[in-house]
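Accompanying notes for the structure given below.
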Amino acid sequence: MLETRKKIGILTAGGDCPGLNAAIRGVAKTAIVKHNMQVFGISSGFQGLIDKDYVELSESSVSGILTLGGTILGTSRVKPFKKKKSKDTDKPKLIKKHYKELGLDCLVCIGGNGTQKTAAGLANEGLNVIGIPKTIDNDVWGTEQTFGFDSALSIATDAIDRLHSTANSHKRIMVIEIMGHHAGWLALYSGLAGGGDVILLPELDYNIKKINSYLLGRAKKKKPYSIVVVAEGINVPTKQSASTYISEQIEKGTGLETRNTILGYLQRGGSPTAADRLLASSYGAHAVNLIANNEYGKMVAVVNDKITSVPLEEIGGKLRLVPSDHPMIERAFGLDICLGGKHSN
Ligand code: F6P
């Protein structure tokens with residue numbers, strides 16, 4: 001008996017990042033070429049399923065997108081399970097209706113923590129769902145790696161590298177704010193790779209007086225300048241951005257001339273690195289292999305350096321933060337980097 005052709009939907013949700021198109025291509029090519037599936041690209045995250053806005057993807061429509069930044073499908077931060085008012089439309093109901101009308105056998109949701117939580121919610125409602133983790137923040141629970149992180153790390157490291165020469169010319173303190181939401185992975189890794197002298201993470205408390213005395217100590221040792229890497233998610237007592245607050249406190253407390261850079265969305269733009277292309281493509285292919293085996297309700301993941309999958313229900317609502325005993329933190333202490341002054345340095 002002939003097996004019926006499987007139909008799958010794919011969407012990208014949450015903030016964009018490099019590698020999304022590589023993942024879309026990985027899913028679509030594997031599904032179409034290897035498994036003879038039909039693939040629908042859903043527009044603008046979950047909004048596209050609410051509006052039934054989609055296009056059929058062919059092998060040729062995903063050709064040439066491997067290296068492109070952003071997402072050809074568009075994205076949004078629409079959270080279907082979040083109701084603002086009781087009379088709001090029942091979005092999960094609309095999603096289920098359109099999933100059925102399209103005849104989907106599975107929905108592939110590429111996104112960060114919020115997206116995986118929604119994906120788990122839809123799986124709970126009876127839909128077949130597979131999650132693929134992406135984000136420059138690298139904070140998705142259940143996986144050691146999200147694609148997007150390596151590209152953002154390169155961009156942030158390059159930016160920190162460039163601060164050294166201007167800092168040296170003017171003998172200044174240079175503060176730079178790095179994205180990452182509530183997690184410090186990007187600030188920690190780029191701070192280490194870029195030779196930051198102070199690195200502040202949301203996961204570790206800081207003491208501004210200790211940071212200032214560390215910076216004054218460097219000036220006394222005839223170090224002409226210092227680089228301070230600040231994760232956007234650190235706690236600050238004012239409404240200012242994290243780095244704006246820190247740079248003001250440093251200049252006031254040390255009397256050393258200080259400048260601030262907020263790197264912002266540059267960290268999310270442009271072409272993915274080779275590592276992100278490989279990870280996104282591998283995740284895409286693995287997601288389709290799960291679908292071919294009728295394995296649903298899972299998120300593809302890297303565990304112990306291997307591509308595998310974890311149950312979606314274990315992920316929802318959890319964040320993967322930098323543990324205080326992480327080897328990179330030990331490494332930073334070993335290099336005499338100040339991590340806020342409340343711990344060893
Ligand atoms: O999650 C990725 C990220 O870039 C975070 O690092 C940042 O806090 C957030 O998205 C910014 O979100 P938005 O695109 O909604 O401004």
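Just so you know, ligand 1 is whichever comes first in the structure, and atom 1 is the first atom listed for that ligand. We're numbering straight along the sequence, starting at 1. It should be emphasised that the depicted structure is a prediction, and the values quoted were computed from it without experimental measurement.
- A ring-centre distance under 6.0 Å is not found for His170 and Tyr225.
- Taking both residues in full, the closest heavy atoms of Ile130 and Ala287 are given as CG2-CB, 3.8 Å, listed atom of the first, atom of the second, then distance.
- Using a 4.0 Å cut-off between a side-chain N of Lys or Arg and a carboxylate O of Asp or Glu, Lys97 and Glu101 qualify as a salt bridge.
- Not counting sequence neighbours, the partners of Asn289 by the side chain to side chain donor-acceptor pair (under 3.5 Å) test are Lys34, His35.
- At distances below 3.5 Å, at least one donor-acceptor pair connects side-chain atoms of Glu144 with backbone N or O atoms of Asp305.
- At distances below 3.5 Å, at least one donor-acceptor pair connects side-chain atoms of Asp105 with backbone N or O atoms of Lys7.
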Short N or O contacts of ligand 1 with protein, under 3.5 Å, listed by atom name?
{"residue": "ligand 1", "atom": "1 (O)", "partner": "Asp137", "partner atom": "OD2", "Å": "2.7"}
{"residue": "ligand 1", "atom": "4 (O)", "partner": "Arg268", "partner atom": "NH1", "Å": "2.9"}
{"residue": "ligand 1", "atom": "6 (O)", "partner": "Asp137", "partner atom": "OD1", "Å": "2.7"}
{"residue": "ligand 1", "atom": "6 (O)", "partner": "Gly180", "partner atom": "N", "Å": "3.1"}
{"residue": "ligand 1", "atom": "6 (O)", "partner": "Glu232", "partner atom": "OE2", "Å": "3.3"}
{"residue": "ligand 1", "atom": "8 (O)", "partner": "Glu232", "partner atom": "OE2", "Å": "2.5"}
{"residue": "ligand 1", "atom": "10 (O)", "partner": "Arg77", "partner atom": "NH2", "Å": "3.1"}
{"residue": "ligand 1", "atom": "10 (O)", "partner": "Arg268", "partner atom": "NH1", "Å": "3.1"}
{"residue": "ligand 1", "atom": "12 (O)", "partner": "Arg77", "partner atom": "NH2", "Å": "2.9"}
{"residue": "ligand 1", "atom": "14 (O)", "partner": "Arg77", "partner atom": "NH2", "Å": "3.3"}
{"residue": "ligand 1", "atom": "14 (O)", "partner": "Arg268", "partner atom": "NH1", "Å": "2.9"}
{"residue": "ligand 1", "atom": "14 (O)", "partner": "Arg268", "partner atom": "NH2", "Å": "3.1"}
{"residue": "ligand 1", "atom": "15 (O)", "partner": "Arg77", "partner atom": "NE", "Å": "2.7"}
{"residue": "ligand 1", "atom": "15 (O)", "partner": "Arg77", "partner atom": "NH2", "Å": "3.3"}
{"residue": "ligand 1", "atom": "16 (O)", "partner": "Tyr265", "partner atom": "OH", "Å": "2.4"}

